[in-house]
Undergrad: 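Quick one: this structure, given as structure tokens, is what I'll be asking you about.
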Amino acid sequence: MTVQSAWRVLLPLPLPPFNFLPPHGTSGGAPTPEPGCRVVVPWQSGVRVGLLVGFEPLRAGAGLELREAVSALDTRPFLTQAALSVLERVAAYTCAPAGMVLANLLPVGLGVPLVHQVRVLADIDGEVSSAVAGRPADASTPSTWQDAAALPLGRLELLRRQGLLDERAFVPQETVRRLVPLREGEGDLDGAPRAGQRRALAHLWTLGTSQSAAALARAADVSEGAVRALVKKGYAEYREVAAPPAPLTVVAPSAASSVLLTLSVPEGPLLSVSGGTRAARVLHLLPLLRKDLAAGKSVLVLAPEQTYVQEAASLLAAELPVHTLSGTTADGERLRLWERCAEAEPFVLVGSYLALLAPLKLGRVVVLEEGSSAYKLSAGCRIFIPTAARFLAAAVDVPLVLADTLAAPETLAATPARLNLPTPAPRAHIVDLKAGGWPLSADLVRVLRQVEARGRQAVLLAPRRGFSAALCCTDCEHVIGCPNCDLPLRYHRERRALRCHQCGFQKRAPDLCPACGSPGLGPRRAAGTEWIAAEVARVVPKLNVKRYDTDKREDLSELRAGEPGVLVATTACLRLPPLPNVSLVGVTLLDVFISLGDFRAEEEAYRLLLNLAELAPGRRPLTLVQTFAPESPLLRAYTEGLGEAFAAELLERRARFNYPPFAALAKVQLSAREAATAKGAAVWLAGALRTAGATDDELLGPSAAPVARMRGRYSYQLFLRTASERLAERLTPALSYRGAARLRIDIDPRDIAGFLE
DNA sequence: GGGGGTAAGTTG
DNA sequence: AACTTACCCCCT
């Protein structure tokens, strides 16, 4: 009896890998695919594409309950061994099912359209066969291949279970309709009047195919009628031909940069690049990347957002072969790019997190803007991409580069080689809002008037979109809240609307207070872009005021052309190309960016201030920051240009408070429609965690989530903070929780609201 | 008895 | 995640 192995197959679903028997044709025909290949497996009443991640030996006679895989889609692995190990490590690290990690991180190849065909094998039950094939049963030959969808409902499952079904699946070749030549010109193309037809036919023969009659007419410089005549006379015809591979987008190199590359770059398995500008940090990597490519190795460069992907790609494209992969890359191009990775010519792949598993022959991994919270996946496995990049670099044993204006304490703790680029001290002015003057302080109004008088530009950062944080009754102080969330509805005056920025609920702003019927409803608390734009228009009426946020992305071409004006925006403006004439950057309320209660909030606010300056590169604009807490260390570090000292201080503080990377942190959230259900589950789980060994030092909570109810669900949360190597053990009871509440685990959470004392 | 909704269980 | 089954409410 032969001992065979089952295929361990991962599907892009929140599930662990499943075992399948190899397809029954395999023993004689197709070779066993390697791990990393895509395979087609039966799934529910159809088939799905999954990833072969390994094999599981089966004892003789075992595995009879397993189903057979249908086929392998690849002959060469679609993912590298390193990528497979990253999947595995991320799954273990985030406590997420591996299939979820696959769904989050593999942006191509598993959703391909499949043709699924079946035929009924020579069988014992004539009725079944005839019902399927639509002809009398033949005991010796299988029925012909037909689309699985043609089977009556439920029949496929039945036949599968009886082992009477042959299945195959393949990716249909994409075709396009093209004009092709059929034969050489003959007598009926002679003569002057038919010169155009002759020319068109000759041209078509040299081209091979043409997209359309119009395209050929244009190319051969003849009338469309001439081409149509060729088709009519049988010299050419339209035919379905294999579609050409999607062309790869060419990255336009950016114009020569003024950045001076003065510092030499240290080498090491881990390199931290800090200070300078975004462009300077990228350009300083050129010598390293050049060397990698010369050695025949490709480089993966990750950026947290689409615009930074484009920016970095353009900077590098001036000297190196570069491709990009991000959310905007079309499916066809992603697939083509994936194939390209394995080809001989090394290149630099600049991409968002979607590029993480690209099957490059890697020589180095670079993470730009390593501290960006955009790297934290907000759903699914919630991995922080720089962490996954660290796993990748370790798996292929290549150097890792982490760059940001302020190095992350996590990076510094790992004692990297360092490249700290000079950052000119900013011209900064801090305004203490405790003295009044909000939303626009007297100082801000004064400098805005200077901007107006000198015909310059200003950028004002607002803490949110809309008019105000809430609509409030002046008589009874009632704040109109969201029916689904414990949050005030944001007031949008322009649209006379109240909106929840969390769940999307929206209604018309009422005229009277819903609580007391008073007509005294008014905007309250922090101003949004709408309010600030209105104030700015009032105090500097001659300036062109533009708004830029999710609600209103105004056309900025006048500002881009250098015309005087003010841009009032949310942090969405950080993704804009720089404006040419900015002399003032104003932060109308820094506090909302710090007081989120996260232990990383200060460093993120520091990065925000430095990133704002990138809207006016090389100009050293005045940065005016309005705040209720002007004495904060981050503002001192910022105004005095002490980034390095600040980074060291942050690291020291992490050590003192036993925070990451000196301890591992996990948030366990329990939510339910009923508050009591969520609370009960959280209390029970806290008990279970303590019983399993969690000490009072390690376990914090349970407590209600900072926003107790969201989207109609109440949440309670627990935090575990413990030595990294002990976290998995401490979390064990949470992993086996089966109860009425929904449980979510977030490893290394970045929104731990109000936690650090 | 069944439409319409939600909750719970299963998928190999 | 996608899908099936179980269950409840309400209505004819």
Side-chain angles (χ1 to χ4, degrees), chain A residues 4-24 26 32-33 35 37-59 61-73 87 90-91 94-114 116 118 148-149 151-165 167 169 377-383 484 670-678 680-681 711-714 735-745:
Chain A
Q4 60 175 349
S5 292
W7 287 5
R8 275 183 89 56
V9 177
L10 205 52
L11 291 154
L13 300 171
L15 296 169
F18 285 120
N19 288 335
F20 293 84
L21 294 176
H24 63 253
T26 304
T32 301
C37 285
R38 291 172 302 161
V39 295
V40 180
V41 293
W43 190 255
Q44 297 188 330
S45 58
V47 288
R48 280 199 77 137
V49 181
L51 194 74
L52 181 65
V53 293
F55 302 98
E56 189 148 302
L58 292 174
R59 271 167 289 111
L64 290 173
E65 72 289 356
L66 296 180
R67 296 204 179 183
E68 264 178 25
V70 174
S71 59
L73 278 188
L87 278 178
V90 169
T94 60
C95 301
M100 174 123 85
V101 181
L102 181 69
N104 291 163
L105 297 183
L106 183 56
V108 64
L110 297 181
V112 289
L114 278 184
H116 178 204
V118 295
L151 288 182
L153 208 72
R155 178 58 38 95
L156 183 122
E157 297 247 34
L158 189 74
L159 291 169
R160 263 184 190 162
R161 212 155 293 150
Q162 294 178 336
L164 299 176
L165 204 63
E167 296 184 68
L377 301 197
S378 57
C381 69
R382 289 158 206 273
I383 185 67
N484 312 315
L670 290 136
S671 71
R673 217 157 267 285
E674 301 294 327
T677 311
R711 294 168 188 270
R713 297 183 70 92
Y714 290 87
L735 294 176
S736 55
Y737 170 81
R738 296 284 173 277
R742 177 196 295 161
L743 178 138
R744 273 215 278 251
I745 297 176

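Just so you know, these numbers come straight off a predicted model, no measurement behind them. Below, read A as the first sequence line, B as the second, and so on, with proteins coming before strands; counting in each chain starts at 1.
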Undergrad: For A:F18 and C:dA1, give me the distance from atom CZ to atom C1', rounded to whole Å.
TA: 12 Å
Undergrad: Using 4.0 Å as the upper bound for N to carboxylate O, is an ion pair formed by A:R160 and A:E68?
TA: no
Undergrad: Using whole Å, report how far CZ of A:R48 lies from P of C:dA2.
TA: 7 Å
Undergrad: Compare all side-chain heavy atoms of A:C95 with those of A:L735 and state whether any distance is below 4.5 angstrom.
TA: yes
Undergrad: Between A:R8 (CZ) and B:dT11 (C1'), how many Å, whole number?
TA: 15 Å
Undergrad: Please state how far atom CZ in A:R160 lies from atom C1' in B:dT11, giving the value in whole angstrom units.
TA: 12 Å
Undergrad: Rounding to a whole Å, what distance do you find between A:L15:CG and B:dT10:P?
TA: 13 Å
Undergrad: Could you list the protein-to-nucleotides 3-10 of chain C atom pairs, N/O on both sides, closer than 3.5 Å?
TA:
unit_1, atom_1, unit_2, atom_2, d
C:dC3, O4', A:Q44, OE1, 3.4

Undergrad: Any non-hydrogen side-chain atom of A:V49 less than 4.5 Å from a side-chain atom of A:V41?
TA: no
Undergrad: Can you find a heavy atom in the side chain of A:R48 that is under 4.5 Å from one in the side chain of A:L13?
TA: yes
Undergrad: Grab the CZ-P distance between A:R673 and B:dA8 for me, whole Å please.
TA: 11 Å
Undergrad: Mind checking A:L11 for me? I need base, sugar-phosphate or nothing, with any heavy atom below 4.0 Å counting as a touch.
TA: nothing
Undergrad: Run A:R742 and A:E674 through salt bridge (Lys or Arg N to Asp or Glu O under 4.0 Å) and show every step you take.
TA: CA-CA 11 Å; A:R742 177 196 295 161; A:E674 301 294 327; over 6 Å; no
Undergrad: How many Å lie between CZ on A:R713 and P on B:dT6, as a whole number?
TA: 12 Å
Undergrad: Side-chain contact test, heavy atoms from C-beta onward, threshold under 4.5 Å: evaluate it for A:F20 versus A:V70 and give yes or no.
TA: no
Undergrad: Whole angstrom is fine here: how far is it from CZ in A:R161 over to C1' in B:dT10?
TA: 12 Å
